[in-house]
Structures are given as structure tokens and as C-alpha cells.
Amino acid sequence: MSARATVEAAVKLGLTAEEYAHIREIQGGEPTYVELAIYSLMWSEHCSYKHSRPILGRFPTSGPRVLQGPGENAGIIDVGDGWAVAMKVESHNHPSAVEPFQGAATGVGGIVRDIFTMGARPIISLDSLRFGELDEPRQRFLFDGVVGGIGFYGNCLGVPTVGGEVYFEPSYAGNCLVNAMSAGLLRADKIVRAKAAGIGNKVVLIGSKTGRDGIGGASVLASQEFDETLEEKRPSVQVGDPFTEKKLIEACLEMLGGDLVVSMQDLGAAGLTSSSSEMASKGHVGLDIHADRVPLREADMEPWEIMISESQERMLAIVSPARLSDVREVCARWDLDCTEIGEVTDSKMLRIFWHGERVGNIPARRLADEAPVIRTPSFKPDYISDKPVAINTYERPDDLGAVLVELLAAPNIASKRWAYEQYDYIVQANTVQIPGSDAAVLRIKDTSRGIAFTIDCNGRHCYLDPYRGAKAAVAEAARNLSCAGALPVAVTDCLNFGNPEKGDMYWTFEQAVEGMAEACEALDTPVVSGNVSFYNESFGKPIYPTPVVGMLGVYDDVSIHTDQRFKDDGDVILLLGPDSAALDGSEYQKTMFGQVEGRVPDVDLALEKAVQRVVRDGIARRLVKSAHDCADGGLAVGLAECCISSGATGGAAFADPDRVGPSRARFRGADVEIKTTLRDDVALFGEGPSRIVLSVAPTHLPAFRQLAGELPLAVLGRVTGAVLRCTIEENVLIDLPVGELSEAYESLPDRLD
Amino acid sequence: MITVPAVRFGVVVFPGSNCDADARHALSTFGDADVRLLWHKDTSVGDVQAIVLPGGFSYGDYLRCGAIARFSPIMQAVTEFAEAGGLVLGICNGFQILTEAGLLPGALLRNTGLKFVCRYVNLKVENAATPFTGACREGDLLRIVVKHNEGNYTVDPATYTKMQANRQIVLRYVDARGERAAGANPNGALDDIAGVCNEHGNVFGMMPHPENSVEAELAGGADGGKIFRSMIDALRPAVPA
Amino acid sequence: MSTVHVRVYVTPKRGILDPQGVTIERALPALGFDGVSGVRVGKFIELDVAVDGGSPEVVRAEVDEMCRKLLANPIIEDFTFEVDA
Amino acid sequence: MSTVHVRVYVTPKRGILDPQGVTIERALPALGFDGVSGVRVGKFIELDVAVDGGSPEVVRAEVDEMCRKLLANPIIEDFTFEVDA
Ligand SMILES: Nc1ncnc2c1ncn2[C@@H]1O[C@H](COP(=O)(O)OP(=O)(O)O)[C@@H](O)[C@H]1O
Ligand SMILES: [Mg+2]
């Protein structure tokens with residue numbers, strides 16, 4: 001250990017001079033290099049949430065179903081019959097920008113570990129992805145690699161990837177977003193928390209060997225001029241090994257199920273450092289770690305490297321001495337390394353040893369939970385407008401049918417089948433609704449219950465107004481679940497923003513959190529877990545503020561669900577929700593006019609809640625045969641999607657248009673007439689919240705009307721034929737075979753060659 | 001009342017198998033089947049009457065799919081079981097293991113699209129006279145999900161000729177009308193082959209996943225149940241009239 | 001105990017379709033590489049084998065068996081290998 | 001038009017995890033192969049490049065670029081190649 005832990009060294013590690021002074025004060029003098037490296041990681045933005053912690057306090061986090069709120073590896077929600085769901089979303093943006101396949105793969109690996117660490121069996125993954133525009137080869141390379149990596153990892157694990165979203169906007173060109181969400185099922189009385197306990201208990205490291213993977217991934221150690229062997233010490237890209245993770249899932253769940261371990265924690269960002277200090281801090285105990293006992297992939301690693309390595313597929317367990325041999329036995333059966341590397345002490349200190357010599361000694365609580373807090377003085381960016389764009393700024397295109405075809409083919413709206421067909425969405429035999437409708441639906445085996453998931457955010461709306469956009473993201477996620485018949489109950493979020501040290505950026509962050517918080521309060525969907533990813537900028541240009549919302553919904557009886565497909569000729573098509581839609585921030589504005597400007601509409605949360613309740617009640621009473629959220633592309637795109645996805649063979653089970661054979665003949669068309677006060681193109685393609693397209697059998701119309709009560713409800717027309725026809729004031733604006741619409745909608749692969 | 005004992009199935013668990021639980025669950029939906037799991041390190045299959053090698057990524061599919069798994073101790077026992085005429089069903093990775101082990105002819109190459117493919121396929125039952133398809137009629141269509149990276153079946157011409165003569169091509173990918181068609185084959189497999197059996201007809205491998213297709217209320221539908229039904233029927237002693 | 005370094009080359013058998021090779025060959029012209037043909041993608045496996053006083057022939061025989069049994073699938077692949085002196 | 005035969009060797013970068021190598025190495029003793037260590041799995045790619053009168057240097061430069069752009073992933077892999085005389 002040649003290097004001195006001076007203030008210069010600290011700054012190179014990404015700490016500020018004040019933080020260094022604070023560290024000196026805690027340590028009572030100059031820290032050792034190991035200590036400094038540990039502080040630099042734990043007090044990095046990524047690990048300490050120093051810019052976001054005070055703001056995140058705004059979220060509602062409790063409720064009757066919340067068994068575990070934020071602060072653990074995943075949030076946990078009671079879903080009935082003694083079952084609970086653990087859920088979490090996390091970003092892996094920067095690793096994916098460097099190496100898309102491995103970056104995305106290890107992102108899935110990390111989030112899945114967060115789930116089974118809690119004692120839950122991972123049962124679903126979702127992915128929320130953002131890239132630049134597809135006409136750039138680099139963006140196609142990233143998209144291809146990221147989707148490949150997600151599939152590679154999740155498919156091998158046998159965790160189905162059943163939902164997600166993909167957007168393409170220039171603002172993500174230099175900084176793609178790869179957010180991975182996962183959820184798991186566990187018994188409500190079997191929650192495992194990452195809390196070390198039991199003085200004298202052993203600290204056991206399970207899984208892969210430790211290499212120099214991603215050292216300093218969370219800080220700037222990579223640029224540290226350490227000594228002449230810098231080249232060899234450069235951090236390595238993390239490579240995912242899903243096979244080892246699959247064995248870890250089985251072995252860890254076996255150990256947790258058999259009460260062989262006291263507690264468990266995965267090694268994520270900052271590796272052994274964060275896992276051990278957090279476990280010690282939560283348990284109000286100390287941990288002694290013998291870094292020299294850690295099995296290494298590269299023999300010449302130094303203690304500080306070992307402590308902060310981010311090698312994948314590793315778990316830390318606290319085991320009582322009496323259970324040690326049982327734990328070893330399980331690991332041996334699964335061919336996993338299992339090494340006792342330390343012990344629980346009453347010192348409340350994280351102590352690091354290297355061949356018997358103490359090389360680090362840090363108060364665990366101060367390290368893990370008392371990182372400095374920073375609040376950047378914020379101000380509203382200039383570009384934000386509080387006026388909608390005057391409608392006559394944009395000339396109405398002549399052929400609105402052609403507009404519909406163009407919008408359906410726009411990468412943001414087009415079917416993402418190319419992506420989700422690379423994912424095993426059916427393994428584990430729980431999938432009720434595959435990708436291609438509003439929400440992923442799973443059953444819970446041996447019960448009548450079910451759960452639904454979605455992940456949503458419209459970054460363009462959040463750019464134009466982060467408060468309204470974030471609020472709308474929560475509302476849309478809930479609407480997607482309600483359209484499937486599920487009751488929305490909880491949120492996990494991934495807040496992707498630019499540099500938090502900039503006041504205008506910080507303002508967008510504050511606004512977004514406020515919008516999300518209000519919506520979560522109104523819709524009774526507490527935030528139970530989440531992740532913040534800052535510094536998403538390239539060449540000084542930030543991404544759109546992108547607060548991604550992952551949401552869980554529940555069913556008492558999962559057989560009562562529906563999807564977006566029009567089912568039978570003669571069914572009545574309804575629009576539930578207001579006749580208000582805006583051009584500002586819409587896909588129509590961007591695709592047809594090349595603009596992203598104006599003022600996006602605000603969600604009326606009371607109305608939103610009422611609309612969703614009516615749809616759920618209608619589904620529960622089996623009045624509603626199909627329901628679809630009107631989001632990107634507006635009413636016309638929503639109607640087209642209901643028609644296109646009807647081209648399935650078989651029953652509800654086969655919500656999958658068969659591209660082979662004559663089944664296209666089974667497409668359901670629609671004949672609708674829209675009564676509106678808006679300009680006709682805005683009525684068709686404008687976007688606004690709280691609007692749902694649904695279909696009911698004619699005999700059920702009166703009952704549904706009654707259910708809707710005072711809410712705005714328009715009869716649009718009928719399911720009929722194989723053509724989508726839309727009329728406004730006797731002008732037939734769209735009159736196109738569904739087959740043709742489907743072709744446009746399925747055209748994403750053509751852009752990828 | 002005469003009760004017929006349930007048919008005893010063994011589902012092998014290799015490290016990296018991920019459809020073992022699904023296969024067990026699928027069989028458990030049949031009232032006349034019993035299931036137990038067989039561990040890859042076991043050296044005996046016990047008294048089971050049929051064996052399922054499940055889908056997944058045994059040993060991560062590293063090196064080649066099925067290449068390492070086929071050396072597992074259990075595979076020696078499975079081979080003896082098969083040679084004695086026992087029914088062995090290999091699904092996806094299980095199919096790959098059976099070809100690697102030489103219990104089925106041919107090999108499974110990378111999909112021509114070079115991508116993992118998860119989608120519904122239509123399968124035509126080309127031979128209903130096997131213990132795995134007895135509950136079907138010839139020409140029946142089964143709609144089941146495939147999900148794999150290496151399902152591109154290949155075999156040398158001489159062997160293929162013999163296989164055809166011997167009716168070892170059991171399932172083919174077809175379109176919704178039951179016709180062979182471009183686009184119906186998800187992986188580039190030779191002559192649209194989706195499933196083959198050995199010469200004696202007691203070892204069968206298929207790429208699609210019948211174990212994810214036994215419950216009509218799930219997305220996978222129930223067509224795959226016919227494969228298990230066939231096996232159970234083939235093994236159950238005839239119920240006295 | 002001393003080891004020798006072994007390099008194993010596994011290649012797709014002549015006549016067997018090589019989807020990866022085909023795809024690479026098709027992708028090359030778009031990247032500005034013309035005139036490339038016969039692309040075949042195989043595996044390159046390196047390992048160290050303990051010699052334990054065994055003769056070079058013994059080591060070669062052992063590696064040969066490993067290739068036959070495990071590293072290559074004779075139905076679709078050929079192999080060659082080199083053992084360092 | 002004459003062609004030269006090229007052999008490209010792609011290997012996992014030093015220090016980068018090679019899950020295939022690790023797994024094969026772990027499995028070998030159970031398969032009856034003892035004393036094998038340092039297993040690394042890479043790619044072996046063969047191709048023919050039209051020379052068109054270009055000098056060997058030109059061909060080498062072209063292959064080098066091809067490796068960088070398509071055949072290897074320089075972030076996690078190293079490569080070398082041989083061009084037949
Ligand atoms: N990356 C992806 N992975 C898996 N499924 C996806 C992905 N992107 C989109 N999907 C699926 O495609 C369907 C449509 O996506 P999207 O238009 O974003 O839905 P919505 O507008 O209803 O939120 C959904 O079922 C969604 O889960
Ligand atoms: Mg959408």
C-alpha cells in the first residue's frame with residue numbers, strides 16, 4: 001500500500017475537499033488508502049443518493065399492503081393469501097453505453113439478485129429502454145446489443161421477461177437508458193432483510209470469484225494515477241454469467257427457505273464494501289472482513305481493489321457457526337464457491353484485514369447512512385413554456401389515413417415484437433398475458449389470484465413539463481393495469497436525470513418527484529423501492545428527464561382480466577374519458593411536424609381515478625370485453641392497435657398475431673364516428689390522459705353506461721369487418737384495411753437491417 | 001372400482017435447467033401421473049416409467065448446448081433406461097442433450113436468424129403412432145411456444161433417409177393451415193423438423209415446449225398436454241372394461 | 001507440476017451450414033469490406049494440461065480424446081490442436 | 001481473381017471473466033479429465049480475402065479493421081490473425 005490517502009488522492013477518487021475533511025474528522029486523522037477508497041465509493045452519488053435523498057422523502061411510502069418500503073434491496077407488497085411480491089427497478093445506463101450486450105445483461109443480473117436476496121423467487125422481469133434515433137447505425141447497434149443482453153441473461157435464468165417499453169429520441173443518443181425491473185414471489189412471513197446480527201456469526205461470500213470488474217464503476221478510480229502498473233489495473237467490463245446466477249438463485253432460496261442463514265445481501269455497486277457496511281449498519285453491529293480470504297480471479301489484487309470490485313454473481317450471507325456446514329453443503333451441491341471471510345462483532349466498526357493486519361477501520365453507520373447531503377439551488381429552465389402552441393401553427397395534413405400509417409410505423413409506436421420475441425416470456429408457467437397488450441399478467445399458482453405489471457414513462461412529456469409528465473407517467477402506468485382489470489397497488493421507480501449539480505436540471509428532478517408523489521398519493525400506489533440515475537448527459541447535453549414508473553397490480557381472481565383485442569363483430573366501441581387531447585408533446589407533433597414544444601396537458605387525478613375504477617368494475621362484472629389505454633399516437637392509434645392485435649388465432653390465450661397462414665382474415669375492423677370539439681387531426685392523434693378505448697357486447701351497453709355514471713363516455717361505433725374507418729362530421733378520415741395497418745405496425749425490423 | 005396406479009415420471013434437474021419445475025408442474029396437472037425430480041449427480045433413475053429431460057440452459061449452454069450435461073452421472077442411467085425401451089422425452093435443451101449423448105440422431109445448430117426466438121409455432125403431427133403422439137391424429141396441428149437459440153436441426157443425408165423411411169420425423173413446423181411454408185420455421189431446421197424420435201420410437205426430442213402448454217387459461221394454451229397424455233396412455237395398463 | 005499449453009481449433013464441418021459465418025459474410029460489404037468469401041466461424045479454446053512426467057504423446061492422446069468426447073461434436077464439427085513444446 | 005486465406009483468433013481479454021472457460025474447467029474432472037487449468041474459450045474465424053493486386057500490407061490492414069469493427073468486440077476481446085503467404 002504505497003499510496004497516501006491525501007486530499008489530492010481523495011479528489012481523484014471523486015470526493016470533495018469538504019468530504020475529505022469530514023472523513024478525517026470521522027477517522028480521527030488521515031485515513032488509510034483502503035478507507036479512502038471505501039468512502040469514495042460509499043459517498044458517491046450512486047451509493048449515497050446525496051443529491052436525491054432529501055427530495056425522495058416526498059414520496060408516499062406506506063399503506064395497508066406495504067410490508068417493506070424503500071430502504072431494503074426491494075420493496076414488498078402483500079398480495080393476499082399470505083403471498084407477497086418483492087419489486088424493484090434499477091438503471092444500468094452507463095455500462096450499457098460502453099458495452100450494450102454485457103451492460104444490459106449484468107443489469108438484469110443485478111436486479112434479479114435484489115429480488116432473491118429478500119427471499120423471493122424472481123418471477124418476472126421488465127425492461128425500459130431508450131436510445132437515439134434508429135437511423136444512426138450506432139443506435140441500432142446499441143438497441144440490438146441491449147435487447148440481446150437482456151434476453152441472454154433473463155432467458156438463461158428462467159425468469160420470464162413479460163413487458164417493457166422502448167423509445168427513440170435524439171436526447172438519448174449519447175446516453176442510452178437501460179432500466180431493468182424485476183419482481184419475485186414470497187410468503188409474507190418469510191421476508192429476509194439485509195441486516196447482520198449475532199455477534200460471532202460468520203460472514204460468508206458465495207458465488208463467483210472476484211476480479212477487477214468495474215472497479216470504481218461508481219466513482220472515478222479508473223482515472224487514478226496509481227503507479228506504473230495502471231494499465232493492468234484498469235477496470236474491466238463486467239461480463240455476466242447467468243449460469244452461475246441461476247445456481248445462486250436455487251442455492252440461496254434453498255438456504256433461506258431452510259433458515260440456514262441469518263441474513264443475506266447481494267454484492268452490487270461498490271461490491272463487498274457496500275454490502276458489508278450496509279449489513280453492519282442496519283444490524284447495529286460491526287463486521288470484520290479478511291480481504292485476503294476472498295477467492296480471486298486475478299492473484300495480484302490489492303485489498304482496496306478487493307473491497308470495491310463489482311464482480312457479478314456474488315452474495316454475502318451471515319451464518320451462525322452451527323449452520324456453516326449446512327451452508328457449505330448446499331453450495332457444494334450447486335457447485336458454488338463458499339468462503340468464510342469474516343465475522344460479526346459488537347464493535348459497530350467495519351474492519352478490513354489483510355493477512356492479519358488491520359488496513360481499514362470505519363464506523364459502519366457513519367459510512368453507510370451518514371453520507372453528506374447536497375441540495376443544489378434550483379431554477380426553472382428557460383425552455384419550459386407555460387403556453388400551448390396555437391393549433392393553427394401546424395397545417396392539417398390532407399390525408400389523415402396516411403398519417404395513421406406513418407404513426408403506426410414510427411419506432412416509438414410500432415410493435416416491439418422484434419425485441420420481446422427475443423425474450424422467454426412464458427417460462428415458469430404463470431404467464432396469462434404475453435407482451436403486446438397494456439400490461440403483463442401472471443397467475444399465482446395454487447390460488448385464484450393474479451398480478452399485473454407495467455413500466456411506463458413518456459420522456460417527451462417530462463421534458464416539456466417534468467411535473468405534469470411524471471404525474472402522467474404514474475397515471476398511465478395505473479391505467480395500463482386497470483385496462484387489464486388489475487387494481488394498481490404499488491410503484492417502483494427509476495429516476496433518470498442529467499447532472500444534479502446544475503440548478504436547472506435539479507429543478508426538473510424536484511418537479512418530477514413532486515408530480516409522481518401527488519399521483520401516487522391520489523391513486524393509492526405508494527412507492528416501495530426505486531433507483532436514481534444522475535449524470536445522464538453527453539457533451540453537456542442532458543437526456544430528457546425520465547422518471548420511469550414500474551407498477552404492480554393485483555387480482556383476487558385472475559380469470560377476470562382482459563386485453564386490448566377487439567373480440568367480436570357487433571361489439572360496441574366506447575371512449576371512456578374526456579374529449580380533450582393535445583398536440584403538444586405528442587408523437588404526431590414530433591413525427592409529422594418535427595417539433596417537441598408547447599405545454600402538455602395536466603392529469604386530473606380525481607377523474608383519472610374514477611375512469612380507472614369504472615374500467616376495472618366493468619371488467620370485473622364481465623361487461624367489458626376489451627380495454628386499451630389511449631396513449632402515444634392518440635385515439636386513432638389506440639383504435640388501430642385494438643384492431644391489429646385482434647388478428648390472433650385461438651382464444652384469449654393466443655394474443656399473438658400469427659404471421660403465418662390465413663389468420664389475417666380474422667382481423668377485426670371498426671367503424672367509428674367521433675364527436676369532438678377539437679380540430680379533426682388533433683381529435684385523432686392528440687394525446688391526453690384518462691382516456692380508454694373499450695368494447696362491450698351491445699346487450700351490456702346499458703349496464704356499462706350506468707356504471708360510468710357521470711363520467712364522459714362516448715359511443716364511437718362498432719367492431720365490424722376488417723377495415724378501420726373513422727368519421728368526423730360525415731367526413732371519412734381514415735378508411736384502411738387492418739392488414740395494411742398491421743404491416744405498418746410490424747415494420748420495426750425493416751429499420752434495423 | 002379398479003384404480004389404475006399413476007404413471008411414474010422422473011424429471012432430470014441439471015444445473016442450469018429452468019423448465020424442470022414447469023415440467024413437474026405440467027405433469028402434476030394430470031391426475032394419473034406422479035412426478036419426481038432426478039438430480040444430475042444421481043446414478044440411478046429409480047423405478048420411474050418415463051423420463052423428461054427439461055428445457056433450460058444446462059451448464060449455461062456454454063461450449064455447446066447439452067455438451068457438458070450429457071456427461072452427468074444421471075445420463076449413464078438414462079441411457080441404460082432408454083436402451084431397455086424406457087420412454088425418454090427431451091424438450092428443447094433436453095433434445096440437445098439427447099443428440100449430444102447420441103440417443104437421438106443429428107444435432108441442433110444456431111438458429112439461422114442468430115437470435116433467440118420466443119414465439120408460437122404450429123406443429124403438424126407427422127407420425128401419430130409413437131408413444132409421444134398417440135393421443136393425436138396424424139395431421140393434427142398443435143400450437144405451442146418455442147424459445148431457443150439453437151433449434152436448427154440438422155442430420156447427415158444418409159441418416160435422414162433412414163429416419164424418413166422409419167418415420168422418425170414426428171413433428172414439423174407448418175403454417176396455420178397445416179402447410180409447410182416459408183416463415184413457419186422459426187430456426188432454419190432441415191425440412192422444418194421440430195421433433196424426432198429414435199429408431200425404436202422410445203426416445204423423442206422436440207424443440208417446442210409442451211410443458212408450458214397444458215392449461216387453457218394461460219397464454220401457452222393446452223395443446224402441449226397431448227404429448228404428456230400420449231405418454232401416460234402408452235404406459236398405463238389397459239383399464240379393464 | 002509442470003503444464004503444457006494447448007490450443008484447440010474447432011471448425012464447422014464442410015457441408016454443414018454455418019449461420020454465423022453466413023451472416024458475417026453478408027454484413028461485410030455494408031461495412032465497406034468487399035471480396036470476402038468462405039467465412040466460417042469456429043471456436044478457439046486454450047488450456048493448460050498438467051504433464052506429470054507423461055510423454056508428449058500421452059498428452060496429445062489425452063487432448064485428442066477431450067476434443068473427441070467434449071470440445072467438438074463430430075456430427076457438425078472438426079477439430080485440430082497444437083501442444084506447445 | 002486470387003484470394004488469400006485468413007485465420008482470425010479472438011480471445012477474451014485478460015482480466016475479463018470468461019464464464020465458458022470457468023464452467024468447462026469446473027466440469028472437466030467429473031468427466032474424467034484431470035489436471036486441466038486456464039481454460040479460455042474464444043473464436044476461430046476463417047475467411048478468404050480477394051487480393052486484387054493489393055500488397056500483403058493492404059490485406060493485413062483490411063483484416064485488422066474487419067476484426068476491430070465486426071469480428072471481435074474490442075471492449076472485451078483481443079484478436080490476432082494470420083494471412084497465408
Ligand atoms: N422492451 C420490451 N420488452 C418487452 N416487452 C415490450 C418491450 N417494449 C414494449 N413491450 C411490450 O409491447 C407492448 C406495447 O408497449 P407500449 O406501447 O410501451 O405499451 P403501453 O403504451 O400500453 O404502455 C406492451 O405489452 C409492452 O410490454
Ligand atoms: Mg406506450
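Proteins get letters first, then strands, A, B, ... in listed order; numbering begins at 1 in each. Model, not experiment: these values are computed from the prediction.
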Discussion item. Given heavy-atom pairs under 4.5 angstrom as the criterion, report whether the side chain, backbone, both or neither of D/V6 touches chain C.
Written reply: neither
Item to complete: List the steps, then state whether side chain to side chain contact (heavy atoms under 4.5 Å, CB included) holds for C/T11 with D/E46.
Response: CA-CA 9 Å; C/T11 51; D/E46 292 179 282; 3.5 Å; yes
Fill in: Contact residues of residues 69-84 of chain D (partner chain C; heavy-atom separation under 4.5 angstrom)
D/K69, D/L70, D/L71
Discussion item. So if I take each residue of residues 57-67 of chain D and look for any heavy atom under 4.5 Å from a heavy atom in chain C, which residues do I end up with?
Written reply: D/E62, D/E65, D/M66
Worksheet item: By side-chain contact (heavy atoms from CB on, under 4.5 Å), which residues pair with D/P12, not counting sequence neighbours?
Response: D/D18, D/R40
Item to complete: Name, in order of residue number, those residues of residues 20-27 of chain C that have a heavy atom at a distance of less than 4.5 Å from a heavy atom in chain D; otherwise write 'none'.
Response: C/I24, C/A27
Fill in: Verdict with supporting geometry, C/V36 and D/D48, side chain to side chain contact (heavy atoms under 4.5 Å, CB included)
CA-CA 6 Å; C/V36 179; D/D48 298 307; over 6 Å; no
Worksheet item: Who among D/L28, D/D34, D/L47 has the most heavy-atom pairs with chain C under 4.5 Å?
Response: D/L47
